K.L.:
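Have a look at the structure that comes next, please.
Quantities reported herein were computed from a predicted structural model and do not represent experimental measurements.
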Protein chains: 2
Amino acid sequence: MTRWLPDARGRLTVAAIALYGERGFEQTTVAEIAERAGVTERTFYRHFSDKREVLFGGSGDLQATVIGAIEAAPPGRAPIDVMGDAMASAAALMQPGRDHSRGRAAVIEANPSLQERELLKLATLSAASAEALRRRGVPTLAAAVAAEAGVTVFKLGFERWIADSAAGTAGDAAGDTLGDTAGAAPESGDAPDFARCIREALDELKALTNPSR
Amino acid sequence: MTRWLPDARGRLTVAAIALYGERGFEQTTVAEIAERAGVTERTFYRHFSDKREVLFGGSGDLQATVIGAIEAAPPGRAPIDVMGDAMASAAALMQPGRDHSRGRAAVIEANPSLQERELLKLATLSAASAEALRRRGVPTLAAAVAAEAGVTVFKLGFERWIADSAAGTAGDAAGDTLGDTAGAAPESGDAPDFARCIREALDELKALTNPSR
DNA sequence: GCATTGATGTCAGTTTCTGTCATCAGGCTA
DNA sequence: TAGCCTGATGACAGAAACTGACATCAATGC
């Protein structure tokens, strides 16, 4: 007979996201999260370093995927394309969890203190990616710039992936804060493909820095 | 007769930086900062939203300078150069406070929670810069990318400006984590010029994204 | 003179986060 | 089977970060 229900960490994550969404991050106490998950407040802090970290439990996996993809890239490939491919492969893993990602992003967007944490995670990812590129022989500055570009592409692609396309019926183009409406949703009503969003963002970034051809 | 000593905010800032440097950020309590500044803890929180914010009191001025420079730039100038000039003009204002900046940077580098705050400030600066570029007629995506590049250049230039060149006698080249030793210090023993560091970083970034010529 | 204002003090209270020790199911070994 | 770890959790105390409410009183303006 088990002494406790399994996967306390998972229950804490679910409870936290639900409560943050229902009543807001600041209006939720750790004690409430713990209670809904059926554990003690102390147990929350054994699984997560603080109240924000519970929203970023997947960042380790994300980084591992990206770094692995960089290391597995063919030797001759340009750094920026290595980054693009790596981000696209991470995106593919996230594709099934689009609803989860949307809810999470909405919570983060509403709270500067969560944005801080997200920026730190992305900066860490960028630094680790640059280091991985360097191990492939890319010079220091070029590696840092390519890694930063890759993270930027990830952000841009994520925004498009998450953007409310085909939420209701067809023809809803309101709330498009990014200027032009993108493709990336072949059939109206389907969820857009994250990896494709990233590749599109990368192409546009390339066109921008190399307008001649 | 004045009821309180003037400039409580300034005294709090000085006290905080001193204590954070002496015994570390986490080992310092707000009560200690307030005591050294001759005020109560409550007054600290009237001037700064939290314990970290006291290190970022100048970020408002920095952003105002950058945005002002963007708006004052000649109409035809390329967005990336507008950003470079804007960052250089902000750098000029910071030049006299190099020692202060170094101490502050050391404290931030040692504390992830302060790095978070710094990343948020820089992201805010980037977003505001992009908005200012957009008001000049730069398309949305190009504005965002140029602004991001400008902030990156600021970071790179700052690292070089702060790097320990000519601390003791001549010929000390240890601790150079950035690969090649930069110029930017015409006479050995002088503090490097921040604006020049930024222009150099910008030139290298340009060379990187446009290797052909 | 006198009311108003604004920066600060005072104090109680909530919440976040940490250190420490106790508990006890499951697994391992004799 | 008995007995000893181990690891995850509970229980509890406490420091420190922050907040809200009200009081104080020099300076300012009428």
Side-chain angles (χ1 to χ4, degrees), chain A residues 1-57 60 107-108 110-118 120, chain B residues 1-57 60 107-108 110-118 120:
Chain A
M1 171 186 200
T2 58
R3 193 166 171 200
W4 295 288
L5 291 174
D7 196 21
R9 184 186 175 94
R11 272 176 295 144
L12 282 166
T13 301
V14 169
I17 292 182
L19 285 169
Y20 291 170
E22 287 170 17
R23 67 179 79 168
F25 171 74
E26 295 188 339
Q27 283 64 47
T28 303
T29 69
V30 174
E32 290 168 339
I33 298 168
E35 186 185 359
R36 181 177 289 208
V39 296
T40 327
E41 193 178 337
R42 192 67 184 88
T43 292
F44 178 95
Y45 287 107
R46 288 202 178 93
H47 287 281
F48 305 102
S49 60
D50 60 43
K51 193 183 164 187
R52 301 173 222 168
E53 195 65 17
V54 67
L55 282 179
F56 299 89
V107 172
I108 292 173
N111 292 93
S113 87
L114 293 172
Q115 293 164 27
E116 285 185 344
R117 181 59 49 87
E118 174 144 277
L120 183 64
Chain B
M1 172 183 199
T2 58
R3 193 166 168 199
W4 296 287
L5 291 173
D7 196 21
R9 184 187 175 93
R11 273 177 293 141
L12 283 166
T13 302
V14 169
I17 292 182
L19 285 169
Y20 291 171
E22 288 170 18
R23 67 180 78 167
F25 172 75
E26 295 188 340
Q27 282 65 47
T28 303
T29 69
V30 174
E32 289 167 339
I33 298 168
E35 186 185 359
R36 181 177 289 207
V39 297
T40 54
E41 194 177 338
R42 191 67 182 85
T43 292
F44 178 96
Y45 287 107
R46 288 203 178 91
H47 287 281
F48 304 102
S49 60
D50 59 43
K51 193 184 165 186
R52 300 173 220 167
E53 194 66 15
V54 67
L55 281 178
F56 300 90
V107 173
I108 292 173
N111 292 92
S113 85
L114 293 172
Q115 293 164 27
E116 285 185 344
R117 181 59 51 86
E118 174 145 276
L120 183 64

K.L.:
Rounded to the nearest Å, what distance is computed from the CD atom of residue A:Glu32 to the P atom of nucleotide C:dC17?
P.N.:
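Between P of C:dC17 and CD of A:Glu32: 14 Å.
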
K.L.:
Please check the phosphate of D:dT9 (OP1 and OP2 only) for any side-chain N or O of A:His47 closer than 4.0 Å.
P.N.:
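Checking D:dT9 against A:His47, a side-chain N or O does come within under 4.0 Å of OP1 or OP2.
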
K.L.:
How long is the line joining CD of A:Glu35 and C1' of D:dG10, in whole Å?
P.N.:
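Checked: the CD to C1' distance equals 15 Å.
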
K.L.:
Could you state the CD1-P distance from B:Ile33 to D:dA16, rounded to the nearest angstrom?
P.N.:
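Taking atom P of D:dA16 as the reference, CD1 of B:Ile33 is at 13 Å.
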
K.L.:
Counting any heavy atom closer than 4.0 Å, what does A:Ala31 reach on the DNA or RNA strands: base, sugar-phosphate only, or nothing?
P.N.:
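Nothing, no nucleic acid heavy atom in range.
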
K.L.:
Kindly compute the distance separating NZ (A:Lys51) from CD1 (A:Ile33), expressed to the nearest 0.5 Å.
P.N.:
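Rounded to the nearest 0.5 Å, the NZ-CD1 separation comes out at 6.5 Å.
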
K.L.:
Tell me the interatomic distance from A:Tyr45, atom OH, to D:dA11, atom P, rounded to whole angstroms.
P.N.:
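Roughly 17 Å, once rounded to whole Å.
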
K.L.:
Calculate the interatomic distance between A:Glu26 atom CD and D:dA17 atom C1'; express it in whole Å.
P.N.:
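Taking CD of A:Glu26 and C1' of D:dA17, I get 14 Å after rounding.
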
K.L.:
Under the side-chain hydrogen bond (donor to acceptor under 3.5 Å, both in side chains) rule, collect the residues that match up with A:Arg42, sequence neighbours excluded.
P.N.:
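Result, side-chain hydrogen bond (donor to acceptor under 3.5 Å, both in side chains) vs A:Arg42: none returned.
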
K.L.:
Is the base of D:dT24 touched by the side chain of B:Arg3 through a donor-acceptor pair closer than 3.5 angstrom?
P.N.:
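Indeed, a donor on one side and an acceptor on the other fall under 3.5 Å apart.
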
K.L.:
What is the distance, to the nearest angstrom, from the NZ atom on A:Lys51 to the P atom on C:dC17?
P.N.:
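Rounding to the nearest Å, NZ of A:Lys51 and P of C:dC17 are 8 Å apart.
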
K.L.:
With sequence neighbours excluded, what pairs up with B:Phe48 under the side chain to side chain contact (heavy atoms under 4.5 Å, CB included) test?
P.N.:
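For B:Phe48 the side chain to side chain contact (heavy atoms under 4.5 Å, CB included) partners, ignoring immediate neighbours, are B:Arg9, B:Leu12, B:Thr13, B:Phe44, B:Glu53, B:Val54.
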
K.L.:
For nucleotides 9-14 of chain C, give me one character per nucleotide, 5' to 3': B if any protein heavy atom sits under 4.0 Å from the base, S if the only such contacts are to the sugar-phosphate, - if neither.
P.N.:
BBB---

K.L.:
Just to verify, what does A:Ala31 make a side chain to side chain contact (heavy atoms under 4.5 Å, CB included) with, not counting sequence neighbours?
P.N.:
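For A:Ala31, the residues satisfying side chain to side chain contact (heavy atoms under 4.5 Å, CB included) (neighbours in sequence not counted) are A:Thr29, A:Glu41.
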
K.L.:
What is the distance from CG of A:Leu5 to P of D:dG10, rounded to the nearest Å?
P.N.:
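Spelled out: CG on A:Leu5 to P on D:dG10 is 10 Å.
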
K.L.:
Within the side chain of B:Asp7, is there an N or O that forms a donor-acceptor pair under 3.5 Å with the backbone of B:Gly10?
P.N.:
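Side chain of B:Asp7 to backbone of B:Gly10, a donor-acceptor pair under 3.5 Å: yes, one is there.
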
K.L.:
Rounding to an integer number of Å, can you tell me how far A:Phe48 CZ sits from D:dT9 P?
P.N.:
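Going from A:Phe48 (CZ) to D:dT9 (P), I get 11 Å.
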
K.L.:
How would you list all residue pairs meeting ring pair (Phe, Tyr, Trp, His ring centres under 6.0 Å) that involve residues 5-32 of chain B, not counting sequence neighbours?
P.N.:
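Listed by first then second residue: B:Tyr20-B:Phe25.
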
K.L.:
Report the residues that fulfil side chain to side chain contact (heavy atoms under 4.5 Å, CB included) with B:Glu22, sequence neighbours left out, ordered by chain and then residue number.
P.N.:
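For B:Glu22, the residues satisfying side chain to side chain contact (heavy atoms under 4.5 Å, CB included) (neighbours in sequence not counted) are B:Ala18, B:Leu19, B:Arg36.
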
